[in-house]
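As the structure is a prediction and not an experimental result, all values here were calculated from the model. Throughout, a chain's letter reflects where its sequence line sits, starting with A, and its residues are numbered from 1.
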Amino acid sequence: MSSTSCCQVQPPSYVTATPILRAVETCSTMAELKQHHSLILRLGLSTDNHAMSRVINFCSKHDQFHYALKVFNTIPNPDTFLYNTLLKSHFNSHSQTPFNVFLFYSHMLEQSLTPNSFTFPTLIRSCSFYKQVKQLHAHVIKFGFGSDVFALNNLIHVYFSFGSLDDARKVFDKMPEPNIVSWTTVISGYSNCGHVDEAFRVFELMSHKNSASWNAMIACFVQNNRFKEAFDLFKQMRVEKVELDKFVAASMISACTGLGALELGKWIHGYVERTGIELDSKLATTIIDMYCKCGCLEKALQVFNGLPRKGVSSWNCMIGGLALHGKGEDAIRLFREMEREMVVPDAITFVNVLTACAHSGLVEEGRYYFRYMTEVHGVEPAKEHYGCMVDLLARAGRLDEAKEVLDEMPMSPDASVLGALLGACKIHGNLELGESVGKRVVELEPGNSGRYVMLANIYASCGKWNQVAGVRKMMDDRGVKKEPGFSMIEMEGNVNEFVAGGRDHPLAKEIYVKVDEMLESIRLVGYVPDPDGILHDLVEEERENPLLHHSEKLAICYGLLKSKRGETLRITKNLRVCKDCHQACKLISKVYDRDIIVRDRNRFHHFSNGECSCKDYW
DNA sequence: ATAGGGTTAG
C-alpha cells in the first residue's frame, strides 16, 4: 500500500470543528462562551471564519457587541459572512461602544469583498441620515440586488422612517414582486407619518393578508386616535377568522385604553389568558395600562402583582397609573418597593413619580425626588422633569417658584412646560403672568386649539371681553378649529359617544328628558350652573347649549338610564372636564347614590357620595 | 455548516 502521507488531505474545518461549534450553541452565558472561545483558539481555529462567526453570533444574541468587536479584530481574513455577522451584532446591540457602520462597510469593500444579499438589510437599517439611505440604495442596485425583496423592503421601511414618502412609495411601486412584508411595511410606514387614509387604501388593495397585516392597519387606527375604526376592523378580522395573536391583542387593548372600553378590554385580557398567549413584558404593560386608564386600579394591581418578572416598564406603568388616580403616596410607596427589588429606575420612572407628587399636592416630596433622581440614580433631569416641577409648584399656588424653575432650566421650555404654568395661572387667578405665558404658548404651538382656549379663558375670567374676541379671531384667521369635546360611555359592549347638545344618539329623546330631571334634582341640593367654563362659548355648536348639555352630562344620563342601581358609571372624556360638570358630577353621585368615574385628558375623577377623589385639585 | 425583512409598552 502506498502511503497517503504525501497527499494527506486535511478535512475541511467544519467537519472537524462540528462538536465544538455545536457546543457554542449550547452555551447559556457569556462566561461559558468565553471558555469555549479559548478552546477554539487552542484547537488552532483562530483563523477559521466559520468558527469565529459562531462566536460573534453568540455575542450578538447576548447583546455583547463589545466582545464581538474584539473577536472580530483578531481575525486575519474576515469574509463577507463575518462582516455581515458583526454588522448584525452592532444593529442588535444597545452597547455604547463607538462604531462607525459606514466606515466598516467601506473597509469591507476595500478588502475586495463583495456584499451579498444579507449585507444590505442590516446596513440600510443602520442609517442615521437620509443621504446614507440614498447612497446605499445606489449600492443595492450596483451590486445587483435591485430586485431583492429583503433589500427593497428595508429601503421602504427606512425611507418612511425619514419621512420620505415618495421615495418609499417609488421603491414599492417598482417592485416586481412585493410580498406580504412589503405591503405591511408600506401600511405602517404611512401610519407612522399620519397618513391613515392612504394606509387604508393600500390595505384594501392587499389580496393576501395575515395577522401582521391586519394588525398593522388596526395599530394604524389606534395610533392615530381613530379607535372606532380599529374596533370595526377588528370585528371584520374576527369574521374572517384571522388568528388573534399577541400583537393584535396588544393593539386592541390599546384601542380599549383609548376609548375607555373596559368591557372589551377585559374580554381580550381573558382571551389572552384562556388561549395561553404569551404574556411578555410589552403585552403585560399594555394590559396594566388599560386597566389603569379604564379606571380599574384593582385589576391593574392584580395583573401587576401576578407578573413573574417585572421589568422597568411594568413598574413605570403601575406607578404612572397610581399617579393618574391621584394616589401619590401609593405611587411613592411602589417606587420604594421597586428600589428594594433592585430594579433600576429610568427617566420615565421619575416622570411618573413626580407627576404623582404633582397630582396629589406633595410639594416637598416632589422636590425631594427631583434631587434624589440625579444624586442617587444619576438620571439627569430632562424637559419633562422640569415640566413636572413647574406643574407641581404652580398647581400648589407657588407660581413664583414655578417661574424660577422655568427660568433656571437649561433647555428652552416647550409648550407643555409652559402649559402647566398657564393652567395654574388660571386656577390661582394670576392674570398678569397668565397672559404673558399664554401668548408664548400660543406662538409655540399655533396649531393647538387648546392653547388658545386657555388664553381666552384667562381673559374671560378678568372680563377682558375684547381680548377674548381677539383670540377667537386669531383662531379663525389661522384656521385653527377647537377640538370638539366628546364623552364616551361603554354600555352592553357598545361605545356610545356624545357631543355637547348632540342629538344623534338613537335614545336622544329619553336622554334629554333624563337630563332635565337630573338637573332639577341636583338643583334641589344646591347646584348652580357655573358659567366659568367660557371656553365652550368659543365653539359655534356649543353656544346654544352652554353648560347644561355638555357631553359628560349626556353620557351620565345615558348611563343612568341603561344601568342598574349601584353600578359604577365610567365616562371617558377627550378634553379636561370643566368646573361646572365637575361640580354637577359630585352632586349626581350623592343624589343618585352612584359612583361615577370620569377619565379626562389629564387624570381620573372618582366621584362618590358628593366628593371627588381629586379633592378639587386638578 | 452559520445570518435576513413587516406588526405590540411606559
ask   = Can the ring centroids of W315(A) and F304(A) be said to lie less than 6.0 angstrom from one another?
value = yes
query = With respect to the phosphate group of dT2(B), does any side-chain polar atom (N or O) of K61(A) fall under 4.0 Å of OP1 or OP2?
reply = no
ask   = With a 4.0 Å cut-off on heavy atoms, is I253(A) in touch with a base, just the backbone sugar-phosphate, or nothing at all?
value = nothing
Residue S188(A), side-chain atoms from C-beta onward, closest of dT7(B), dT2(B), dG10(B) = dT7(B)
message = Does a side-chain N or O of Q223(A) approach OP1 or OP2 of dT7(B) to a distance below 4.0 Å, or not?
response = no
message = For a quick check, tell me whether the side chain of T286(A) and the base of dA9(B) share a donor-acceptor pair closer than 3.5 Å.
response = no
remark   = In whole angstroms, the gap separating P of dA3(B) from CG of D79(A) amounts to 14 Å
task = Could you pull out all residues at least two apart from S164(A) that satisfy side chain to side chain donor-acceptor pair (under 3.5 Å)?
result = D167(A)
request  = Scan D289(A) against the nucleic acid and name what it touches under 4.0 Å (heavy atoms): base, sugar-phosphate only, or nothing.
outcome  = sugar-phosphate
ask   = How about H269(A) and Y291(A): are their ring centroids closer than 6.0 Å?
value = yes
ask   = Among the nucleotides dG10(B), dG5(B), dT7(B), which one has an atom lying closest to any side-chain atom of A212(A)?
value = dT7(B)
key: Minimum-distance pair of heavy atoms, taken over all atoms of L283(A) and E278(A)   = CD2-O, 3.6 Å
query = For the residue pair V140(A) and L155(A), what are the closest heavy atoms and their distance?
reply = CG2-CD1, 4.4 Å
request  = Identify whether any heavy atom of S117(A) sits under 4.0 Å from a base atom; if not, whether one sits that close to sugar-phosphate; answer base, sugar-phosphate or nothing.
outcome  = base
message = Can you measure H157(A) atom NE2 to dG5(B) atom P for me and round it to whole angstrom units?
response = 11 Å
Any pair counted as side-chain hydrogen bond (donor to acceptor under 3.5 Å, both in side chains), so long as it reaches residues 169-178 of chain A, sequence neighbours left out = R169(A)-D173(A), R169(A)-Y190(A), R169(A)-E198(A)
Exercise: do N215(A) and S251(A) side chains pair donor with acceptor under 3.5 Å = yes
query = What residues in residues 128-152 of chain A put a non-hydrogen atom under 4.0 Å from any atom of DNA chain B?
reply = D148(A), V149(A), F150(A)
ask   = Touch check for N84(A), heavy atoms < 4.0 angstrom, all strands: base, sugar-phosphate only, or nothing?
value = base
task = Check every strand shown and say whether N179(A) touches a base, only sugar-phosphate, or nothing at a heavy-atom separation below 4.0 Å.
result = base
note = The nucleotide from dG10(B), dA9(B), dT7(B) with an atom nearest the side chain of I348(A) is dG10(B)
